Structure formats: structure tokens, C-alpha cells
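Counting begins at 1 with the first residue of the sequence. In this text, all values refer to a predicted model and were calculated from it rather than measured experimentally.
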Amino acid sequence: MNLHPEWSYQAVLYEMNVRQLTPEGTLRAATSKLPFLKDLGVDAVWLMPVYPIGEAGRKGSLGSYYSIRDYCAVNPELGTMADFDAFVAEAHRLGMRVLLDWVANHTSWDNSWITEHPDYYVRDAAGNIQQASTWTDVAQLDFSNPATEEAMIDAMRYWVEQGGIDGFRCDYADGVPHSFWTNAIATLREIRPELMMLAESRSTDFYADGFDMIYDWEFAPAMSGVFKGGKPADLFSKEAATWKEVPEGKQLLRYTFNHDFAAENAVDTTCGTTDGIMAAYVLTAMLNGTPMIYSSMDADNISGTESFFNYNVLDWSAAKRNEFAAINKAYKNTAEVRRGELTTYGNAKTAMFTRSTPEHKMLVIVNTTGNEQTVKTPISLAGETMTDMTDDTSVTLPGTVTLGAYEYAIYMK
């Protein structure tokens, strides 16, 4: 039986930073924004961790989402369990799924397990619980103890049974043994067979554990390099090499930037300027994989790095909503051809490629610069009548195509 949910194969994901999404920074306020995301073409919302945050070593003004004090509760700063239930119910009413961010590798230093179950943690010869990696605000769990694994699976089961969620995005999956993930996924799918599982890892080994999707980790920096003067050919060759490692029926997550990338890189220059973000998203979606939008990509007036340890309220953009909707519609309507034969065209200023199957051909052209660019149409398509997939109009392709700054075109026949 195919356990992978059918909806996930052509899904658009949205990573939601609840604390920055609205001025209130709560689940209740975030619920009111779900119709906006539906209009964007979003199919599943990945909620960054909603659990109470540890106080010891608290980072920034808000603390880290990834320092978990209680796996089976909602952070009171975000709201209540009733607010969480209402969020999930509204997402489901709108036809969207909800993925919960899960942090299995470590807990906060004031998690009750620290005192009640110190055997759950890695300890030194003197019995002192050890810090997880270089992160001073979290303690390292020990999965060589079967009781740790059992407790963690019980906590995940809680959100599937009581929270009604549709899947997990699993933080730092590499830090936890494959045997845990195999057991956890098998157990959870006995409850909900079509649970969606995303591993934060570049390793294809996680597919064998039962994960549906892993990260294309190098995609965002490679994309950023193109928009900062690099060669589109480098992105194309990387894309092709990455897909060769993906088994049939499995998926790759791709994003222009996510919470980590945005915290480490200025979002207003990641894609040349903020005007380049939508052009970059076209490549994120149309080069195949599962595209993800991060809170702020759909907002106006973003600048600098975006630490998720502090407030940074977003100014939502109606214009970007409509543009995302058009791109995501094109993404979904080109499903048959997007994994077809890839042909790329050498140009230092534009990223141009075709995808071909016996039934269809798609042409994508993206101006990766802030200046107007003119490119030659592939000879095989010049004079052909194709459909502009962003507005469903019919277009006869000329011998050359001129695109304004960060402009793009998606055609299919």
C-alpha cells in the first residue's frame, strides 16, 4: 500500500512563524490569516514549534522555538490548546493540512524530564546531563535508552490523536538514530496511515525510515548565488544531480529562504533585491520539488536578517498574494511535464530551461537581474503557440523574448 498522501505530491508548503505573522503573534490571530494562505495556493501549513519554551539560557527577547519545555502543551504566549484546535479545524475546513514542527534531539534545561527522567539524557561519567551540540539552551537526549524512544513516540502520538495534525516536519533529523524514526513513523502510521513526514536532512537514507520528503539543502544558497551574479548553469547542474538521488515516489523540499537562511542572510539582498524574490520562487517551484513559502516572503518592506528569537511583525502584501497564486497555479497545472526531460540554455543573465514529455513541453525563462534582458527563444519553440501558465492566455512565441527586471515567463503546450 502506498502510504504517501496523494495531496503531498503537488503540494505547496507554507512555513508559519506565528510570532511574526501578525501584530498579536498568537495562534488565534494566525487562524484569521488562513484564508489569505488558501488564496496563495498553499496546501499545507508547517507550524514552527508551538510548545512552551525553556527559560534557562533563553535566546533573544522571545526564546527559541526549538527549546522545548513540554512536548504536550501549547506555549501560553501563543494561546491555548483550544486555540490550536481551532487553527487546525479552520485549516481543514479550507482544505489545507497542518504539519507540526517536531524537535526530537533535545529539550530545554527546565523540561520536567530533566529531573524526573535524567536517564533520558546523555550524561558524563559524573552523571551530569550534556549540552546538545553548541546550543547552550538545550540538553541532549539519549536514544540508546528505550524509555527515551517510548516517551518521545508517546508525545508525537498525542498530537496525531488529540491535535488532529496531518504530519511532522522533523527538526535536526540527523541527530536522532534511524531506528527511532523507523519505529516512530511505523507507530504513528498505524494511527493515521497517510501521515506526511518531512525530515530536516539532506541524507537520502531517511527515505528508508518512512519519510516522504527531505531537504534540498544546497538549493537556497545556490539560488541566491545566481541572483547575485552567479551562473544559472551551476544551479541547473546541481538540480539535476540532486534529483538523481531521489527514489521514485519520494520528494524534495525546496525554498527561496526559510527561518534559518533568513536568520543568517539579509532577506532583501538574498535574491538581488526584494523584487527578485518572486522570480526566485518561480525557479524554486518550476525546477520541480516541493516549493515552500516562508513567512515574510509574502510581505512588503522586509529587510535585513530575520531572527526568529525576536519580534519582527510582517506587512502582508495583497499584490504578492496574487502573484504567488498565479505561480502556484502554474506549478500545479504543469505536474505532468515538470519531471520530464530537462534541457537548459546557457545565458549568464537569465535562467532558461525546457521540460519535455511525449505529450507536453514547458518553457521557463527567468530574468535573474535588475536590468532588462533579451534572450533567444529555443529554435524548436520559436513560432509555436503556447499557453502562458500564469494567466491562461495563448501566446505565439517570437524569435526573441524580452523580460524586464526580475521578470519571468512560464509557457506550456
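- Ring pair Trp181/Phe211: centre-to-centre distance below 6.0 Å.
- Ring pair Tyr255/Phe219: centre-to-centre distance not below 6.0 Å.
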Next item on the list: Carefully, step by step, assess Asp300 and Ser317 under the rule side-chain hydrogen bond (donor to acceptor under 3.5 Å, both in side chains).
Entry: CA-CA 6 Å; Asp300 289 326; Ser317 170; 3.2 Å; yes
Note to self: side chain to side chain contact (heavy atoms under 4.5 Å, CB included), that's the test. Do His259 and Glu15 meet it? Break it down for me.
What the structure shows: CA-CA 8 Å; His259 67 276; Glu15 182 187 5; 2.5 Å; yes
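- No side-chain heavy atom of Asp298 sits under 4.5 Å from any side-chain heavy atom of Arg321.
- With 3.5 Å as the limit, one finds a donor-acceptor pair spanning the side chains of His92 and Asp166.
- Side chain of Arg189 to main chain of Gly210: a donor-acceptor pair is present (N/O by atom type, distance under 3.5 Å, no hydrogens or angles).
- Within the 3.5 Å criterion, the main-chain N or O of Lys413 finds a donor-acceptor partner in the side chain of His360.
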Check: Does the pair Leu198 and Asp212 meet the rule for a side chain to side chain contact (heavy atoms under 4.5 Å, CB included), with working shown?
Finding: CA-CA 6 Å; Leu198 164 61; Asp212 304 285; over 6 Å; no
Margin query: Applying side chain to side chain contact (heavy atoms under 4.5 Å, CB included) to Met386 and Leu397, what does each step give before you reach the verdict?
Written below: CA-CA 7 Å; Met386 303 184 77; Leu397 296 186; 3.4 Å; yes
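- Under the 6.0 Å distance and 45° angle rule, Arg339 counts as a cation-pi partner of Trp243.
- Of the candidates Asp391, Asp392, Thr334, Thr390, Asp392 is the only one forming a side-chain hydrogen bond (donor to acceptor under 3.5 Å, both in side chains) with Lys329.
- With contacts defined as side-chain heavy-atom distances shorter than 4.5 Å, the pair Thr290/Gln10 does not qualify.
- Within a 6.0 Å sphere centred on NZ of Lys376, heavy atoms belonging to other residues, nucleotides or ligands number 12 at most.
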Next item on the list: Evaluate the criterion salt bridge (charged side-chain N to carboxylate O under 4.0 Å, His left out) for residue pair Glu90 and Arg93; output intermediate values, then yes/no.
Entry: CA-CA 5 Å; Glu90 176 64 1; Arg93 186 188 73 80; 2.9 Å; yes
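- With hydrogens and angles left out, the side-chain atoms of Thr385 and Ser394 include no donor and acceptor closer than 3.5 Å.
- Side chain of Asn328 to main chain of Leu40: a donor-acceptor pair is present (N/O by atom type, distance under 3.5 Å, no hydrogens or angles).
- Salt bridge Arg157/Asp154: present, at least one basic N to carboxylate O contact under 4.0 Å.
- Nearest heavy-atom pair across Thr269 and Lys228 is O-CE, 3.0 Å.
- In this structure, Tyr281 and Phe324 have perpendicular ring planes: the angle between them is above 60°, well past the 30° mark.
- Side-chain atoms of Thr107 and Tyr121 form a donor-acceptor pair, as typed in the model, at a separation below 3.5 Å.
- Atom OG of Ser112 is separated from atom OH of Tyr120 by 9.0 Å, given to the nearest 0.5 angstrom.
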Item checked: Worked verdict on Asp171 versus His106 for side chain to side chain contact (heavy atoms under 4.5 Å, CB included) -> CA-CA 10 Å; Asp171 180 72; His106 49 260; 4.2 Å; yes
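- Salt bridge Glu161/Arg192: absent, no basic N to carboxylate O contact under 4.0 Å.
- Residues Asp216 and Leu253 form no side-chain contact, since every pair of their non-hydrogen atoms from C-beta on lies 4.5 Å or further apart.
- To the nearest 0.5 Å, the span separating CZ on Arg202 from CG on Leu252 amounts to 12.5 Å.
- In this structure, Lys231 places its NZ atom where only 12 or fewer heavy-atom neighbours from other residues, nucleotides or ligands lie under 6.0 Å away.
- Side chain of Thr148 to main chain of Phe143: no donor-acceptor pair is present (N/O by atom type, distance under 3.5 Å, no hydrogens or angles).
- Checking side-chain atoms of Tyr207 against main-chain N and O of Gln251 turns up a donor-acceptor pair under 3.5 Å.
- Looking at Glu407 and Thr402, their side chains never come closer than 4.5 Å, going by heavy atoms from C-beta outward.
- The only option from Leu314, Asn17, Ile277 that meets the side-chain contact (heavy atoms from CB on, under 4.5 Å) definition with Ser296 turns out to be Leu314.
- One distance of note links CG of Asp39 with CG of Asn322; it measures 8.5 Å at 0.5 Å rounding.
- Judged purely by atom type and a 3.5 angstrom limit, Asn367 uses its side chain to pair as donor or acceptor with the backbone of Gly404.
- Evaluated for a ring pair (Phe, Tyr, Trp, His ring centres under 6.0 Å) with Trp135, the options Tyr66, Trp109, Tyr172 yield exactly one hit, Tyr172.
- A salt bridge does not link Lys33 with Glu24: none of the charged nitrogens is closer than 4.0 Å to a carboxylate oxygen.
- Looking at heavy atoms from C-beta onward, Met223 lies in side-chain contact with Thr284 at the 4.5 angstrom threshold.
- One finds the OG1 atom of Thr182 at 8.0 Å from the NE2 atom of His178 (value rounded to the nearest 0.5 Å).
- Distance check: Glu200 CD to Asn258 CG gives 7.5 Å after rounding to the nearest 0.5 Å.
- Put simply, the side chain of Thr204 never gets that close to the backbone of Glu245: no donor and acceptor are under 3.5 Å apart.
- Taking Ala405 as the reference, nothing meets the side chain to side chain contact (heavy atoms under 4.5 Å, CB included) condition, with sequence neighbours excluded.
- When every heavy atom of Ala184 is checked against every heavy atom of Met156, the shortest pair comes out as CB-SD, 4.4 Å.
- Within the 4.5 Å cutoff, the side chain of Thr26 has no heavy atoms near those of the Asp83 side chain.
- Within 6.0 Å of atom CD in Glu341, 12 or fewer heavy atoms from other residues, nucleotides or ligands are found, so the atom counts as exposed in its surroundings.
- Aromatic ring centroids of Phe353 and Tyr345 lie 6.0 Å or more apart.
- With Met196 as reference, Met213 is the one residue of Arg169, Arg97, Met213 to meet the side-chain contact (heavy atoms from CB on, under 4.5 Å) rule.
- For Trp46 and Tyr294, the gap between ring centers reaches or exceeds 6.0 Å.
- Contact of the Asp260 side chain with the Phe308 side chain is registered, since non-hydrogen atoms from C-beta on lie closer than 4.5 Å.
- Taking the centre of each ring, Phe168 and Trp159 stay at or above the 6.0 Å mark.
- Trp217 meets the ring pair (Phe, Tyr, Trp, His ring centres under 6.0 Å) test with Tyr215; sequence neighbours excluded.
- Between the side chain of Gln140 and the backbone N or O of Asn105, at least one donor-acceptor pair lies under 3.5 Å.
- A donor-acceptor pair under 3.5 Å is formed between the side chain of Thr273 and the backbone N or O of Asp275.
- Between the side chain of Ser108 and the backbone N or O of Asn111, at least one donor-acceptor pair lies under 3.5 Å.
- Trp316 has its ring centre less than 6.0 Å from the ring centre of Phe36.
- By the 4.5 Å heavy-atom criterion applied to side chains, Val401 and Leu403 are counted as neighbours.
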